[in-house]
Structure formats: C-alpha cells, structure tokens
Colleague: 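The structure follows.
Bear in mind the structure is a predicted one, so any value in this text is a computation, not a measurement.
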Amino acid sequence: MASGSGDPFDYTEGAESIDIQAAIANNRRSRRDSQYSTPYGEDGVGSMFDGPGHTINPSSVSRMSHSLSRRRSGDSRRMSMESRRMSTDSRHSRGTSVDGDEQEQYISDGDVEESATVRSRGRRRRRKSPSPAPARSTVFENLAHIFGRTKSPDAEPSRSRRPSLSARSSSGGLSRRSRRADGGSDYAVDIESEEERWGYSSGEEDDESEDEGGRGGRPSPSASDIDYGSYPPSLTGSEHERGDRLPMLSADPIFGNEARIDIDMDLDPLEPPPPGPPSRQTIYIADEDNTVRFIGYETQSARQFLWRTMCILTCGILGLLGHWFPRLWLQWVSKEKAFKDMKDGFVVVETAYRDIALFPIRRMEYPYPISTAFPPTWSDSTTSTPSYPKMNGSGNGHVTPTQDTEDSILDHLVVVDYRYARFALDPRSGLFTMLKDWRDPSWTGVLNVHAGLQQEVRQQRSTLFGPNVIDIEGKSTLSLLIDEVIHPFYVFQIASIVLWSLDDYYYYAFCIALISAISITTTLMETRKTIAHMREMSRFSCPVKVYVNGGWIERDSTDLVPGDIVDLVSSHLTLFPADMFLLSGDAIVNESMLTGESVPVTKVPIKDADLAKWRESQGQDVNGESAKSFLYAGTKVVRVRNALAADGSAGSPALGLVVRAGFNTTKGALVRSMLFPKPMGFKFYRDSIRFIAVLAGIAGLGFCVSAVQFVRLGVPWHTILIRALDLITVVVPPALPATLSIGTSFAIGRLRKSGIFCIAPSRVNISGQVNVCCFDKTGTLTEDGLDILGVRGIERNAHRFGELIEDMHDLPLSDAKANFLHALATCHSLKVVDGEVIGDPLDVKMFMFTNWMLEEGHVAGTGKIKGKAVGETRPAALVQTVVRPPGSGQFRLEDALKGGAKHAHFLELGVIRTLEFVSSLRRMSVIVKRLKSNSMEVYVKGAPEVMADICEKDSFPEDYDDLLSYYTKRGYRVIAMAGKSIEGLSWLRAQRMKREQAESGLRFLGLIIFENKLKPGTTPAIHALRAAHLACRMITGDNPLTAVSVARECNLINQAAHVFSPIFIRGNATTRLAKLEWFCMDEPAWKLDDYSLKPLTPPAHRLVEAEELDYQDCALVVTGDVFRWMINQAPLETLQRMLVKTQIFARMSPDEKNEVVERLQALGYTVLMCGDGANDCAALKAADVGLSLSEAEASVAAPFTSRTPDISCVLEVIKEGRAALVTSFSCFKYMALYSLIQFTTITLLYSFASSLGDFQFLYIDLFIIIPVAVTMGRTLPYSRIHPKRPTASLVSKKVLASIIGQIAITSAVQFWAFFWVRSQSWYTPPHQGSPKDGDNHLKATNYENSTLFLVSCFQYILVAAVFSIGPPYRKPMWTNGWLMSALIGLSLFNVLVLLRPPSSISAILELMTLPFSARITLLIAVVVNIAVSMAFEQWGTQVVVQAVGAVMQLFGGRRRIREGKIYKAVEGGLR
C-alpha cells in the first residue's frame, strides 16, 4: 500500500521481512562475506536473533558430521544438472557404464540460494564438466617413474579428479557459472592421485596422465558422461589456460615421507554393466561427505551350493577369504542384476575408501500411490534419469502397465537401509532416492499444513519413514565375538596357537591364547559399553500432542511422521523430538548440542514463501530465512510461548510442523557421523604393514635356504612343513600389532589424567607430526566474555569525544529525544526467561551497564500487518520489550498506541520493532516508543566501520578515526551507537517501515568499548610453541586491528614485526579483475609487492634501511573477503605465499575457517586446530588434530576435548603425540630386531637340523620380550617441545640405517659365536640323526644351541636399551622405573645363567655345560656387542645417513631439489 502523498515518509510500503530481503539480496548472495562476524560478537555470534540458528547454523550445525552440510552454490548445482542432461545418451571411455544405465545423484544438504557457500572438504566427488577423463596412474607407473620412465613432459596435465581448492569458494553465482562453463585447466591440488596412495600425502601432486584424446581438442558435451569421482574444472583457469600448476613435489617416489595420508580415492572403474534397466548408481551423501556406488546383485543357487561345499572342504578357509575379500565371494556366487528386477537380491555399497558392504533389499508392503513416496517434484529434479520403457508389473510388482505411473498404486516398495539412511527404489527410473530429502507437495503455505494429517496418511508415512527414534542397533555378544575373532590379526594368532600345539609348544601357546582371550574380552566390553553409551545419548522420546483427524491427541514422539502438527506448549518439551518448522508462537532454544554455542536463539514463525521455497529445494538443508524458523531435533527448549492476541491474552497455540524424523534429522546425521567416522590413514601404520610383508619375505627366503639343507639331511616333509610355518611365526610375531598400540594407550591414559579426552586414538600419533597450530581468538586465546571498559559519548559543547565513562551515573544527560543512554538500554535482542535476562553475552553486559530493568512477554499485545501477497497478514507484537530505570512504574499498553499520554509520569521505553542483526550489514536496530512523546526513535548498534554509510557526516566528532584506531590497535572491541527521532510515527507505519529508511540519516551517539583479556595460559603456551619452531596462526571472526593487537600481546607475532594488510584499490571481493594493495598497518606508505608479497623499498624517512630488512619480521593479516578473492582469482604463487606467510586470518566465517585449515593441509602442513567448539566445528573436524576447549556435546566434532580452559593443553597433546610416535617406532624396531635375532639363531641351527627348545622359546618370548615391550611405552614425554619433529616414516634413512645396522651387528656376533664354538677343542658335534617318524621336534641339546641362546638372550635386552630413545622427545630411559627394573632384572638373571646356571634351570633350558673360560669369552663378546651397538646408534647412524645423503645428492641432485613439501619450497622462495 502507498501512503498519502502528503506524508513526509513512505512507511507503509510492503511487509518488513520481504523488503529487508529485497534490500539486502546482493549482500546475501555471498553468505561468506567478509563482514560475516557481528560487530559485537566474536566469530559470527550475533545478537540473540542472529544466533547459530540464523546464518551460522545451516552450515556449522551440519558441518559437525563429516559434512552434514558441505554446501555448493545453486549455480554450480544447476551446472551439474545441465551437465547431467547433456550426458545421458552416451558414456565415456573409462568403462564405468554404458547406455545411460548408471546415474549419479547428488544428495546434498546444501544451500542453493547463497551461492558463495561452495564448501567441500575436497573429497567430494562431483560431476566433471565435459572433458577427457584422467587416466589412472598405478604403482607400476610410479616404479617406472623411479627408473626414469616418465610421461612426456609436454603431455597436457589432466583436470584434477578432486575439485580444485580454488573451486570451492566463489564470488557469486553468475561469475561462477560463466567461469565453470569454459574452465579448461586448473592448478588443482590433486590429493586423490594414485601417487599419493603410495606415499604422496602432501596432496599437491599433478595428474600427469591424460586420456587418449591428448591435446586433440575437447569432446562435445554429448560425448562426455559421468566419470566416477571426477570433478569440474577449476575456476582459476577459466579465463586463460594456466601453466603455473602446482609442482610435483614428491618425497620418496614409492613411500614418501609424510605423516598424514588422505586416503580418499576415486571409485574403481568397472566393466560395462549388463544391458537393460540400471544396475548401478553413484550417489553423493552430503551427511558423510562421501560418494558411494550402489550395485545390484543376486545370488546364483548353484554357485552358492558349490561355494558352501568348498568352504567345508577347506575347513572354512575359503569362507574366511570371502569375508575378508568380499569381491571374491561376489565373483563366485552372485551376478549383477538390475535394481528393479531383483527378487531376493542385495545391494553392494562401495565407498571411495575401497571398502564394500552388502545390504539386503527389503520389499515392504506399500499399497499406496507412487506419488506418496516419490513426489512429482522429484521427477523434475532428476532430469538426468533416462526414461525407460514401462516394465510389465507382473514380473516385479512395481507398476501396472496400464496406469499412469504418477497415479499408480504400488504393491511393494523396495528399500535399502545403508548406515541408517533409507533409500527407496523409484520404479519409474529404476534408481534409488534418499528419503531424507522427501518433501510433501502440499507444503506450499502455513495455512495448507494447519489441518494436520489423517490417520491413514500417518500410517502410510510411518511405513515409509519408520519410527521417529534414533535407535542404534546393538549387536549380540556372540556376533561381536565372531566379528572380533575372524579379524586377520586374531586368525593369525589362532593359527599360530594351533601350530604351536601341534609342535607340543603348549606353554607359550597357552599364554598367547590367554592374552588373546583377555584382549578380546576387553574389546568386547569396551564395544558394548560404547554402544550402550551411544544409544543412551541418541535415543529420546517424550509424550507430545499431535493434531490428527481434526483433533488433538497425545502420542509418543516415536510415532511422529513428517507432516504432523505438534502443540509445542502443551507437550511441555525439554528437547525437540524431531526437526520442525515453527508455524506460530515464538521460541527460544539452545543449540549448543549442534554448534557448541550456548547463546540462546530466538525462532520466529515460518513465512509462506520460505516454506514453499524449502519444499522446492530438493536435497538441501535449511538456509537463510527458513533457518530462523527451524527447530532442530535434540536442541534444548529454553522457552516456547503461544502467540498473543490483540488484547494481550493468549492467541493461537505455538505449533510445529514435523519435516524430518529419526535418523533423517540433523541430530541423526550427527549420530551417524560418530558411528561411521571418516577413515584417516597414517603413514606409520601403512609402512608397518609393508615392513611386516618384508619380514615375511625374509622368512620365506631364509626357509628356502634351510629347506635345501633339510632335504640334504633327510628331514621328513611334514617336519619341513611345520618348521616352515614356525619360521613365519618367528619372523612375524603375533604380538606385533598389540605392541604398536602400547605407546598410544599410555599416552591416552596420561592425557586423561590431565583432563584431555581423546575419542580417536589414531590421532595421538598424528599429533606428534603437527607443525602448524591454528587458534580461534575469543574463548580460546582470550577470555570468553567481554567486559565493558566504558563508553565514550560526545561532549555537549565541543565536537569531540568526552572522557571515558566507567559508571553509568557519570553519563551526562541529554535533552535530545534520541540519546546515548536510551540507545544503550534498548538496542539489543535480550529476552527474559524466569526472571533472568538471556541473550548474547555482549548485549547482556551492555544492558547491565545501564542498571535499567527489562520486561517482556505479559505486557505485550499483537496487531496484524498486511503483506504484499493477497490476503497475507502477519502478527506482530505491539510492544516487544519494555525498559525503564530502577524504581519506575509499569508501562501501560494504551501509552504505546496513543500519540501522547498526558497522564503518564514514568520514564519508560517500549521497543516497538526489532530489525535483527544481519551479518552482511553488520548492524541491528530497534524502533523505540517513549512515554509522553509524539515521536519514535530509531537506534542502531553496529561495527564502527559501517556507521559512515548510515550517519550524517556532521554528527561524527573530529577525533572519531583517531580514537577508534587507538582502541582497536590495543585490542579493545568497539561498538558504535547511532540514533534519530521521527515525529508522528505511528505503530503501524513503524511496522511497515523499510530497513533502509529506518537505518539512514542517523546521528552518531557514541562508542562502547569492551576489553577482551588474554587467558593466563595463552602467552606462555604461544611462547613455548614458537620456541619449538611451530608456526602459529590465528583464525578469528574479529576485526583485523583487534586481532593484531591480541596477537602482539600474546607474542603470536613479534612486537616489532611489520604487519601488512591488503585492501582492494580496484573492485571488490566479487570482482574478477580486482586489484589488491598490501600496506603496512603501522606505516601505510610502506607497501608489499602484490605478486611476490615481499616488501618494497621502505619510505625515505624510515629508520630501517632497505638492506637491513629481514623478511621474517614481516607478518600478513588477511580478511575473509580478500581470502576468498585470492582463492578464486590470485596467481597460484601469490596464493601459496599468502597461506604460508599469513599469521592472522580475520573476519573469517565458519566455512572460511574450515577452508584455511584445508588449504594449509594442501601445502603439506600437519594442522592442529584449537577452538572453543562454538562455530569452529567444521575446522576442528577438518584439521589433522582438532582440540576443543568446550565441554559441550559439540566437542564430538574434535578428536580431543580439553577441560583445561586455555591452550596449554595444546602443548600436552603435542608432547604426548611425539612421545607416542617415538614409542611406536621404538616398539616396532624392537619387535623387528627381536624377530630377526631369533630368525638368525633359528636359521643357523636349521643348518644342521637343530632348533631352540620349547622352554628356550618360552623364556625368550614370554619372560624377555613381553615385559620389555610393554614397559618401553611407559617412558614419559620430554618436558619441552623440540624444534625438530620426529620422523613418521619407517623407511626414512635414519630409521633404516638404525635397523639394518643393528641387524648386521647382532647377526655378526651370532655368526662369530656359531663358528667360534665349533673351533673350540672341547666342542663335540651334535648327533646327525633326523627326527623320529611322527616327531616334528628337532634336537635342541648341543653346543651351538647353548652358545647362540646365551648370546641372543643378551641381545634381546640390548636392543631394547638401544631403541629406548630418550631426549628430545621422551625423558631419559632411566626415568622409566618399570623398564629399568625389567632390563636390570633380566640382565642379572642372564648373567647368572651364563656364568653359574643352577642345574634345574640348565635342565629346563636344555643347556650344555660350557667351560668357565668359554663363558667368560661369551660375556666379553656380549659386552663388546653392547658397546658397538650403543656407539653405532649414537654416532654411526648419523654417519651412515650423511654418507647415503651424499651419494644420493651426487647421483640424484637435480631431482632432489624438487623433493619435499610445498610449504618448504614456498618458504624458500620468500627468503
């Protein structure tokens, strides 16, 4: 409506929310705008109305799981759909599908409207734009690369299968779409390349292979198709082909030298599917950030009978192999079958991590129309599905041939439940669809859903979706036991025990069996306990009132189905039982369960347009406006109120519309992410498996030599076989896997005592490799709350700021209607619940500073405002909140409605309307009515930088910029206030006023200064980290000046460092050809080169001469908008230098925090992220080591959670991680040496058909090895963090030199002893008889046996001492009392057995009597062995490493230049 022409202001045009949306449409296009954070709340934590539920929640709520909401822009989604349309007729040459039988669906919880939220962990598989598919490199190609057989240097690099890191952020939908269409090359960081599987874990390798098309032009769009795991080209190369791709920085061409292995891979290419309807489907599941492939199979009866027969004949060995290698079973027993043609088949689900699982299909009775399970809107969105001829319904019971498929009645519905996510088979397309994205076609407006559901419809939806409960299946003890026992580790142990029993080696077999039984029992108990805890945490039900068949009935929340209407007040909820939209009333909720942020969030009723928009957004989560009305399952209810009528009485009840239930809710996705965590490989574990394989090879080689000698000596074949198997158990000890986890177990125990809890044990060792630490600011480096330092108003007579006022009573009174005091008292979003003022902590501090009183709720009525849509009205509170000074009387309702209240005698202010905080505008405002006044006032609170745009220039004091700079540079947080008075403004016009009208022509009122104190432990911890040469980064949502001040205060950057910050001198963050200028924050005239990021010549008046400049004294600070622009547009070299050199990332949104972490990982860093768990969840999840200081449930996003409220816990995690990593290495090296020492002994004895006796084996294995291996892990970490990290590679020069050197020394001593004893005059040769028939034993009583046994017993103890590395990562060996006791005790006992063995011990150990002189000789040999081994470990390894390095430098110097990690190369270029 238009107001009369005589009105000075046009206040009546349109409803408020619609106009706000139109006014800020351009700003909202990029949700990750640089002005993301609130001007008064750290890290995007805004006012009450802008809590986690508004703009933060849609991403960081769901990012808590692997990526509960890894969003892509709507434009990229549309391009993906267009690409799919173009590619349905033919298939690419990779052989993954033909004739359109395979479809790819992207089931995403993304945000379509806000296109800048292109976020992905980088492992996401997306459809590739029309381009040749990359050929896959193999291990053979890598080996060929070692020997010089590389691809032609001029071969065109293929497009990355991984989305370019730059492609994961965009500057706007239009530019993204245009650039994606013609992007031909990119500098994508190919983390998923085959090379990386063999050791390249820095994630920066190029794909050197190209499809057969070579450079011969790109195929037409119709010729391209789904390439499993392929990606669109990078945005960066769209304008011109880039030649500056990332360099191939390989470390070791086979094994590499990285700590972290990103084990995401592409799905394997398959043979073409059988003709007919589809039997394969590739689906992207956003909840897991994982691409899976569904393949339909049916078992063949004859083959299955043959398989079972073979299993019986092989004593179950074939069955075990089929369990370990499911593909073997599939090839033998089953046959690929179209999904819709399967009768009793199953679906094989293959993930990108190379694991597959079998899930049976379920055929549910479903006598309902097809549109109830697959709404018509789905068929519109699945445009990539080819239309198949309608199948005859008699064969499969899906669709009757004569009916229109949209109206046909189904007999059965085929579903697959994969990880608690249900997929239903659409009989029209023959493809599966994820039911989580189901939308009711009738959800077009609020009035359409108010009628609720009929019981028949509820029954249908209950059948389709199942009960509304997050119920984790609990396995029986027997099934858990079987799963544990058939693990390859335990199968090997069982086989070893059986072998030892056949060999009459009962004692050791019994001991190992007992240890295994204890281990299995402990594991079972822990597993059951964990499952019980998870079930208890996730399962929730409560009685609710539901509107069914036109009336209210009470039901259990487990009966809720999508479409139900729930009375939120009468149900007395403490937690929301399902994902719901608020239809009426208002609610305040605490969403810390999802975000870790305990700031209460206000929810408002959903609007028709937002509900309709959400209904149409298939596969996406709530976003934008709809998030303000979304009630997440599992979030705590702070308050729910019914709507108020115009007379102030209760109006319509507070109602919620259930839209998702059970595991389809956001809480369900969070639980699924905890149940099925994303695997992360670690190089140490991979190398250890390969090392074991090498040991097994050595065993085979040794036995081949021994077997020849056995045959020559006439040893029976069954004895040779037993000896061969026994030799394998000697070289590959069954206890090896257990010993590798000892160091980690002790480290976790010590961390727990320090108040640090770990839910991912594998991350402990990874924390030992951390080389960059990232920190959030507020709540992490600084205290949680901000305290008001004071306020600065404007002096009445001078146009300057007055003195800092620390007490409200000292604030001078003003005659102006819009004054500073009233602004402080009203400009907030606080609520009162049970007499307590709640809301954003800064709002609370500001209001408490005024000492005024706040009331809301019972003093307000409602009115109705007409909207733009025909017949649309929306209720609005007449007075939302009332504030008054202490001791004032009550505010009366009529005072708010009448222009003047002549008889009012109280100073009271009523907030008529609140314009909520918008992150892109960085401000909020209120319209306030004062008693005895004909006017209303508008007050605005926001970032000082935005005030210049909305305030009159003459209202600013002369020293505004100076004072603002003074406070921000010293780390204070500053918020500006402004206001204006509007005469004759009525309530209705105030409600209709556009936001841009309210927030314009304001008068500046003053500044509020908050101080954010550093936590006591921050500065010492930062100092310790920097002393250890660990890079420290701050990633915050605060403004750059405050961040720099805090960084200097805690020494994160040097006090004297020159800090450079960029600004746009041409264009902005959304402009492709924008230009940056980097200036020194302390001396703006001093600049950086915008390409190399090196300082230019300093200004002439500087005290520091150019030649004296040290670039290391320069630090960079980057804001979110610049960061995003550089990701998209900057040259690769500049981007990499920025990432390496930037120490402060300011004004970063939660998504951008995650992006920073991923970018640093892509450069080869091992990243630790420490945050308070609020909106850092995505970054904590993405980091190699995430450490949350929050005790909220959101801390499940981080592997580590600390009860210590400061970053000193980071030091403990790194120290324990390094100690655990070194311990794992020590234990592995010790077990390897133990195996090879015993192997040497056995091989020498096998040469004349002898061996060790049973009790000799038992003494070595049980009384020496186990105590030493267990106690080695108890050494405590060193008190300081050493500047150099421990190695994480078992194949590094130093580790190999140590192992090989010690093997050579110990073997040489044994060979000497073997030949020495044979040369003695008292020596008598052993009896040369072969074992008796049926007796597998070899004779053990001979001089060679006794000599080698006595010498080797000392060697087992010796190598334990040699490998018990102390400083700089662990405390000295002698501080480990348990280990020292074991070593000393065993050494003394061995000396006793060597020099004066008691007769009983000699008899048990089957020792020969040696002359005393011989015993002394052996003791001297042992002492010499100890001295040589110690000296070699201390000095010899370094000499060997240097010699090997010199040789490699001599022969491969040119190639070695390019080896290493990318960040090292970038740092070298910066010097």
Colleague: Can you give me the closest heavy-atom contact between K1215 and S1279, atom names plus distance?
Modeller: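 So the two residues come closest at NZ-O, 3.3 Å.
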Colleague: Counting only N and O atoms by type, is there a donor-acceptor contact under 3.5 Å from the side chain of S1319 to the main-chain atoms of W1316?
Modeller: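 Side chain of S1319 to backbone of W1316: a pair is present.
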Colleague: Going through the checks in order, is the side chain to side chain contact (heavy atoms under 4.5 Å, CB included) test met by V1309 and Q1355?
Modeller: CA-CA 10 Å; V1309 171; Q1355 290 182 332; 3.7 Å; yes
Colleague: Write down the atom of C1353, the atom of I1260, and the distance for their closest heavy-atom approach.
Modeller: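 Nearest pair, atom of C1353 first, then I1260: SG-CG1, 4.3 Å.
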Colleague: Could you measure the distance from the CZ atom of F1314 to the OG1 atom of T1241? Nearest 0.5 Å is fine.
Modeller: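 F1314 atom CZ to T1241 atom OG1 measures 11.0 Å (nearest 0.5 Å).
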Colleague: Are more than 12 heavy atoms, taken from residues, nucleotides or ligands other than R1280, located less than 6.0 Å from that residue's CZ atom?
Modeller: no
Colleague: For a quick test of reading the model, state the closest non-hydrogen atom pair linking F1257 to L1252 and the distance between them.
Modeller: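 Shortest heavy-atom separation between F1257 and L1252 comes out as CE1-O, 3.6 Å.
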Colleague: Any chance you could measure I1305, atom CD1, to I1300, atom CD1, to the nearest 0.5 Å?
Modeller: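 I1305 atom CD1 to I1300 atom CD1 measures 12.0 Å (nearest 0.5 Å).
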Colleague: Is there a donor-acceptor contact under 3.5 Å from the side chain of N771 to the main chain of R1285?
Modeller: no
Colleague: So, Q1238 side chain and V730 main chain: donor-acceptor pair closer than 3.5 Å or not?
Modeller: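 Not a single qualifying donor-acceptor pair exists.
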Colleague: Could you measure the distance from the CG atom of L1233 to the CD1 atom of I1303? Nearest 0.5 Å is fine.
Modeller: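 Here the rounded value is 5.5 Å.
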Colleague: Run the side chain to side chain contact (heavy atoms under 4.5 Å, CB included) test on V1362 and Y1230 for me, step by step, so that the C-alpha distance in whole Å, both residues' side-chain angles and the decisive distance to 0.1 Å come before the verdict.
Modeller: CA-CA 9 Å; V1362 167; Y1230 176 65; over 6 Å; no
Colleague: Testing the 3.5 Å rule here: is there a donor-acceptor pair between the side chains of Q493 and S516?
Modeller: yes
Colleague: Would you mind reporting whether M1408 and T1341 have side-chain heavy atoms less than 4.5 Å apart?
Modeller: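 Heavy-atom side-chain distance check passes, below 4.5 Å.
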Colleague: Out of curiosity, C511 SG to L1258 CG, how far, rounded to the nearest 0.5 Å?
Modeller: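 One gets 5.5 Å once the value is rounded to the nearest 0.5 Å.
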Colleague: Which atom names give the shortest non-hydrogen contact between T1240 and S1307, and what distance separates them?
Modeller: OG1-OG, 3.5 Å
Colleague: Report yes if some heavy atom in the side chain of F710 is under 4.5 Å from a heavy atom in the side chain of P716; otherwise report no.
Modeller: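 They are not in side-chain contact.
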Colleague: Report yes or no: does T1375 contribute a side-chain atom to a donor-acceptor pair with the main-chain N or O of P1372 at less than 3.5 Å?
Modeller: yes
Colleague: If we ignore angles and hydrogens, is there a donor and acceptor under 3.5 Å between the side chains of N1342 and S1250?
Modeller: yes
Colleague: F746 ring centre to R752 NZ or CZ under 6.0 Å, with the angle to the axis within 45°?
Modeller: no
Colleague: Could you walk me through whether F1389 and Y1259 pass the ring pair (Phe, Tyr, Trp, His ring centres under 6.0 Å) check?
Modeller: CA-CA 11 Å; F1389 183 78; Y1259 173 67; 5.7 Å; yes
Colleague: Do F691 and I1299 touch side chain to side chain, with heavy atoms closer than 4.5 Å?
Modeller: yes
Colleague: Testing the basics here: between F1363 and S1298, what is the closest heavy-atom pair and its distance to 0.1 Å?
Modeller: CE2-OG, 3.3 Å
Colleague: Using side-chain heavy atoms (C-beta onward) and a distance below 4.5 Å, is S1224 in contact with N765?
Modeller: yes
Colleague: Just checking, any donor-acceptor pair under 3.5 angstrom between side chains of D1261 and Y1234?
Modeller: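 Distance-only check passes for D1261 and Y1234.
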Colleague: Measure from the side-chain N and O atoms of S767 to the backbone N and O of I1214, and report whether any donor-acceptor pair falls under 3.5 Å.
Modeller: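 No, because the side chain of S767 does not come within donor-acceptor range (under 3.5 Å) of the backbone of I1214.
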Colleague: Quick one: does S1235's side chain have a donor or acceptor within less than 3.5 Å of a partner on V731's backbone?
Modeller: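 Between the backbone of V731 and the side chain of S1235 there is a qualifying donor-acceptor contact (under 3.5 Å).
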Colleague: To the nearest 0.5 angstrom, please state how far the CG atom of D726 sits from the CG atom of L502.
Modeller: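 D726 atom CG to L502 atom CG measures 11.0 Å (nearest 0.5 Å).
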Colleague: Are L1386 and V1268 close enough that some pair of their side-chain heavy atoms sits under 4.5 Å apart?
Modeller: yes
Colleague: Within a reach of under 6.0 Å around CZ of F1263, are more than 12 heavy atoms found that belong to other residues, nucleotides or ligands?
Modeller: no
Colleague: Check whether R1218 reaches the backbone of P1277 with its side chain - one donor and one acceptor, N or O, closer than 3.5 Å.
Modeller: no
Colleague: With side chains defined as the heavy atoms from C-beta onward, is the minimum distance between L1407 and I1401 less than 4.5 Å?
Modeller: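 Side-chain contact under 4.5 Å: no.
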Colleague: In terms of side-chain heavy atoms, does S706 have a donor or acceptor partner in R723 at a distance below 3.5 Å?
Modeller: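 Side-chain D/A pair, S706 to R723: absent.
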Colleague: Given F1248 and E1344, is the side chain to side chain contact (heavy atoms under 4.5 Å, CB included) satisfied, shown in steps?
Modeller: CA-CA 10 Å; F1248 60 96; E1344 290 91 343; 3.6 Å; yes
Colleague: Do Y1246 and L727 have side-chain heavy atoms sitting under 4.5 Å apart?
Modeller: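 Of all side-chain heavy-atom pairs linking L727 with Y1246, at least one is under 4.5 Å.
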Colleague: Around atom CZ of F1311, are there more than 12 heavy atoms from other residues, nucleotides or ligands closer than 6.0 Å?
Modeller: no
Colleague: Judged by atom type as modelled, is there a donor-acceptor pair below 3.5 Å linking the side chain of S1292 to the main-chain atoms of A1288?
Modeller: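 No, the answer is negative, given that no donor and acceptor are paired below the 3.5 Å cut-off.
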Colleague: Locate the shortest heavy-atom distance separating A1269 from I742; write the atom from each residue and the value.
Modeller: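 Heavy atoms only, the tightest pair is O-CD1, 3.6 Å.
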Colleague: Between E1433 and Q1302, is there a side-chain donor-acceptor contact under 3.5 Å, judged purely by atom types and distance?
Modeller: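 A pair is found: one side chain offers a donor N or O, the other an acceptor, under 3.5 Å apart.
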Colleague: Does any non-hydrogen side-chain atom of N1345 lie less than 4.5 Å from one of Q1256?
Modeller: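 Yes. Closest side-chain heavy atoms under 4.5 Å.
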Colleague: I'd like to know if the side chain of T1287 reaches the main chain of S1289, judged simply by a donor and an acceptor atom lying under 3.5 Å from each other, with no hydrogens or angles considered.
Modeller: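 Yes; at least one donor-acceptor contact below 3.5 Å.
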Colleague: How about S1387 and N1390: does a side-chain donor come under 3.5 Å of a side-chain acceptor?
Modeller: no
Colleague: Evaluate the criterion side chain to side chain contact (heavy atoms under 4.5 Å, CB included) for residue pair R1370 and Y1278; output intermediate values, then yes/no.
Modeller: CA-CA 4 Å; R1370 299 194 299 174; Y1278 200 60; 5.7 Å; no
Colleague: Check for me whether the distance between the ring centres of W1322 and Y1343 falls short of 6.0 Å.
Modeller: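 That pair passes the under 6.0 Å test.
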Colleague: Any chance the side chains of S1352 and Q1310 put a donor and an acceptor closer than 3.5 Å?
Modeller: no
Colleague: Would you say Q769's side chain and P1286's backbone share a donor-acceptor pair under 3.5 angstrom?
Modeller: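 At least one qualifying donor-acceptor pair exists.
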